[in-house]
Amino acid sequence: MEKIAPELLERKKKEEKKELEDLPDVHGEVRMRLAPSPSGPMHLGQSRMAILNDEYVKRYGGKLFLRIEDTNPHNILPEAYDMIPEDLEWLGVKVHEIVIQTDRFEIYYDYARKLLEMGKAYITTVPADEWRKLKNEGKPTVDRELPVEEQLERWDKMLNGDYEEGEAVYVVKTDLNHPNPAIRDWAAFRIVKEVEHPRVGNKYIVYPLMNFSVAVDDHELGLTHVLRGKDHLNNTYRQEYMFDYFGWKKPVYIHYGWVTMKDTILKTSLIKEGIKKGEFTGWDDPRLGTLRALAKRGIQPEAIRKYWIEVGLKSVDIEFSWDNLYAYNREIVDPIAKRYFFVWNPKKIEIKGVERLEAKAPYHPSEDMGFREYKLEKPVRVFVVKEEWDSLKDGQIIRLKDLCNVEKKGDDGIYAGNDVSIIKRGAKIIHWCPENSMAAEIRMPDGTLMNGVAEPLVEESIGKVVQFERFGFCKIYREAGKIVGYFTHR
RNA sequence: GCUCCGGUGGUGUAGCCCGGCCAAGCAUUAGGGGCUCUCAACCCCUCGACCCGGGUUCAAAUCCCGGCCGGAGCACCA
């Protein structure tokens, strides 16, 4: 090989596979986390952080935490506690330990008290908008510098439920003159009384806000590296104050860019509403960008993984490319998908001039998967795509793939032998389905349906991704006696 | 408005830190051809990019300055 065609080897070398770049500051093993809130199942956008964290933990060894951030009782879908781990498992992400924030209130309270004692936090009873206004002007509220004893007293009152919702807020001090107003004093605990938490009920009335619980947990879990979207950049700065106050060692923070997904419905609140209204069939409706929808459509988790590895951790904003994802998926699915015929807008034609026909079509054009065979008896009738048949000229001879040649004559076909060489001479090849085919409905990612018939043998591929020849890849299901295909991609 | 972050073909990415081998690589998409009993796969070819302007230098996608453009955050959400 080397002697005959060294240039081929050269080429091989150039097509190195994409690899994630190394993480900075790795000393031995890493400890990382995924931190979704349980508002719904995972979607494509969230799979990025899951995959990347997983890749690094697998590369360096260490531990990956799934930390469910459920400290906002207003935005929780109880089923999500189970759905998220399921989605991760489907993705092939290895989670070593699950941590749920509503199990950890005592830890947060503990640190909250310490911070008050250190004079690094205060409890304000000033209304939110006023507090915010003062902050933007770089001015303290009247209660910011109240003595520690009084702050602790207020804290106890908060915990005891002596304040109503919105009457008191625990704030972490930073720097009122910080040039970025977003970083100045930030709210860390709020009172929630009017809503019951789906998981812990009304056991607690003081809820930590994200920046506080995240900082505490990132430290408590001993994280070495934190990957997050750059929309969290200011939160990182806020949280760093906590690390500085307590003298904790900070993890390495890496902020990756924003991903926009055109024509993809990701927003959980919208999906939830749509499901309720009946606009979507469920969390796996093929129009959605949830992982469950993609799974249903036959997208392989390995394709998603490969996609995000290719994209990497850059802080540039990017546009998601379905084409690229489909290309990766096709690479995986093409060699294993069995081939079948699906005829949309079917028209039944009779092939005259033969007693019987035998079809022998390979399951795969290049892989050795055997054949699907059909025997067609006397009135030999098949389904073909209506527009296709109608567009043929009378007298035109075409090839019915893996069956025979026919000459069109109105709504009939005249048997024209079985000489494959007519293809070489330019005969059109069309596909067909036997008369005993099954009704089939294909559901497209844009929500449209295609109705037709699928050859009987597809039944053996229920639950699998197949390729309907001259149509595209689909994942096959059965619903109410009919074949239902979820379109994967061409 | 303020504070950050970033700008390589339609899309994604490599190169940028440590200037030259970059008249910019790879993948995908699009167009064309080949092969094939699929409009798939495979093979070949083609189109297509360093945001702009200065500066430093023998030499800049790579370093410096300015501008322009895009994005994020500025919640008692995460």
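Each chain gets a letter, A, B and so on, in the order its sequence line appears, and its residues count up from 1. What's counted below: heavy atoms across the whole structure, side chains too, no hydrogens, waters or symmetry copies.
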Counting any heavy atom closer than 4.0 Å, what does [X] reach on the DNA or RNA strands: base, sugar-phosphate only, or nothing?
X        : result
A:Val316 : sugar-phosphate
A:Asp402 : base
A:Ser315 : sugar-phosphate
A:Glu388 : base
A:Pro127 : base
A:Thr260 : nothing
A:Asn235 : base
A:Trp131 : sugar-phosphate
A:Phe468 : nothing
A:Gln467 : base
A:Pro36  : nothing
A:Val385 : nothing

Distance below 4.0 Å between A:Arg470 side-chain N/O and B:A40 OP1 or OP2: no
Distance test, side-chain N/O of A:Lys314 to OP1/OP2 of B:A14, below 4.0 Å: yes
Can you confirm whether the side chains of [X] and [Y] place a donor and an acceptor under 3.5 Å from each other?
X        : Y        : value
A:Asn53  : A:Arg48  : no
A:Tyr122 : A:Asp185 : yes
A:Asp368 : A:Tyr363 : no

Qualifying side-chain hydrogen bond (donor to acceptor under 3.5 Å, both in side chains) pairs, either residue in residues 34-47 of chain A, two or more places apart: A:Ser47-A:Trp308
Side chain of [X] - closest among [options]:
X        : options             : value
A:Val311 : B:C37, B:C76, B:U13 : B:U13
A:Val169 : B:C5, B:C76, B:C74  : B:C76
A:Arg339 : B:U38, B:U13, B:C76 : B:U38
A:Pro365 : B:U38, B:C76, B:G71 : B:U38
A:Ala128 : B:C5, B:A78, B:C76  : B:C76
A:Lys230 : B:A78, B:C76, B:C5  : B:C5

Show which side-chain atoms of residues 207-216 of chain A pair as donor or acceptor with protein atoms under 3.5 Å away, not counting sequence neighbours.
{"residue": "A:Asn211", "atom": "OD1", "partner": "A:Gln239", "partner atom": "NE2", "Å": "2.8"}
{"residue": "A:Asn211", "atom": "ND2", "partner": "A:Asn235", "partner atom": "OD1", "Å": "3.1"}
{"residue": "A:Ser213", "atom": "OG", "partner": "A:Leu209", "partner atom": "O", "Å": "3.3"}
{"residue": "A:Ser213", "atom": "OG", "partner": "A:Met210", "partner atom": "O", "Å": "3.3"}

5' priority, RNA chain B, between A:Lys401 and A:Phe473 [closest heavy atom]: A:Lys401
Earlier contact from the 5' end, RNA chain B, for A:Tyr237 and A:Gly312: A:Tyr237
Between [N] ([atom2]) and [X] ([atom1]): distance, integer Å:
X        : N     : atom1 : atom2 : answer
A:Ile318 : B:A14 : CD1   : C1'   : 15 Å
A:Asp22  : B:C17 : CG    : C1'   : 15 Å
A:Tyr256 : B:A72 : OH    : C1'   : 14 Å
A:Met49  : B:A78 : CE    : C1'   : 11 Å
A:Ile422 : B:U36 : CD1   : C1'   : 15 Å
A:His43  : B:A78 : NE2   : P     : 16 Å
A:Lys262 : B:G71 : NZ    : P     : 13 Å
A:Asp317 : B:U8  : CG    : C1'   : 16 Å

[atom1] atom, [N] versus [M]: distance in rounded Å?
N     : M     : atom1 : value
B:U8  : B:G70 : C1'   : 15 Å
B:U62 : B:G53 : P     : 12 Å
B:A14 : B:G7  : P     : 11 Å
B:A61 : B:G19 : C1'   : 10 Å
B:C26 : B:U46 : P     : 11 Å

A:Lys230: side-chain hydrogen bond (donor to acceptor under 3.5 Å, both in side chains) partners, not counting sequence neighbours: A:Asp317
Evaluation steps, salt bridge (charged side-chain N to carboxylate O under 4.0 Å, His left out), between A:Asp402 and A:Lys360: CA-CA 6 Å; A:Asp402 301 310; A:Lys360 193 177 182 199; over 6 Å; no
Taking only N/O atoms, report every protein-nucleotides 28-35 of chain B pair under 3.5 Å with atom names and distance.
{"residue": "B:U28", "atom": "O2'", "partner": "A:Asn324", "partner atom": "OD1", "Å": "2.8"}

Check: A:Arg67 and A:Leu221 side chains under 4.5 Å, non-hydrogen atoms: yes
Stems formed with participation of RNA chain B [Watson-Crick or G-U wobble, under 3.5 Å, three or more pairs]: B:1-7 with B:68-74, B:10-13 with B:25-28, B:30-34 with B:42-46, B:51-55 with B:63-67
Residues in contact with RNA chain B, drawn from residues 172-185 of chain A - heavy-atom cutoff 4.0 Å: A:Pro179, A:Asn180, A:Pro181, A:Ala182
According to the interplanar angle, ranging from 0 to 90°, do the rings of [X] and [Y] count as parallel (below 30°), tilted (30 to 60°) or perpendicular (above 60°)?
X        : Y        : answer
A:Trp322 : A:Tyr326 : tilted
A:Phe243 : A:His219 : perpendicular
A:Tyr204 : A:Tyr109 : perpendicular

Heavy-atom donor-acceptor pair, A:Glu469 side-chain to B:C37 base, under 3.5 Å: no
Pair A:Asp419-A:Lys424, salt bridge (charged side-chain N to carboxylate O under 4.0 Å, His left out): steps then yes or no: CA-CA 10 Å; A:Asp419 178 7; A:Lys424 289 251 191 308; over 6 Å; no
Heavy-atom donor-acceptor pair, A:Lys347 side chain to A:Trp389 backbone, under 3.5 Å: no
Aromatic contact, A:Phe341 with A:Phe383 (centres under 6.0 Å): no
Passing option when A:Arg339 is tested against A:Glu367, A:Gln467, A:His431, A:Glu469 for side-chain hydrogen bond (donor to acceptor under 3.5 Å, both in side chains): A:Gln467
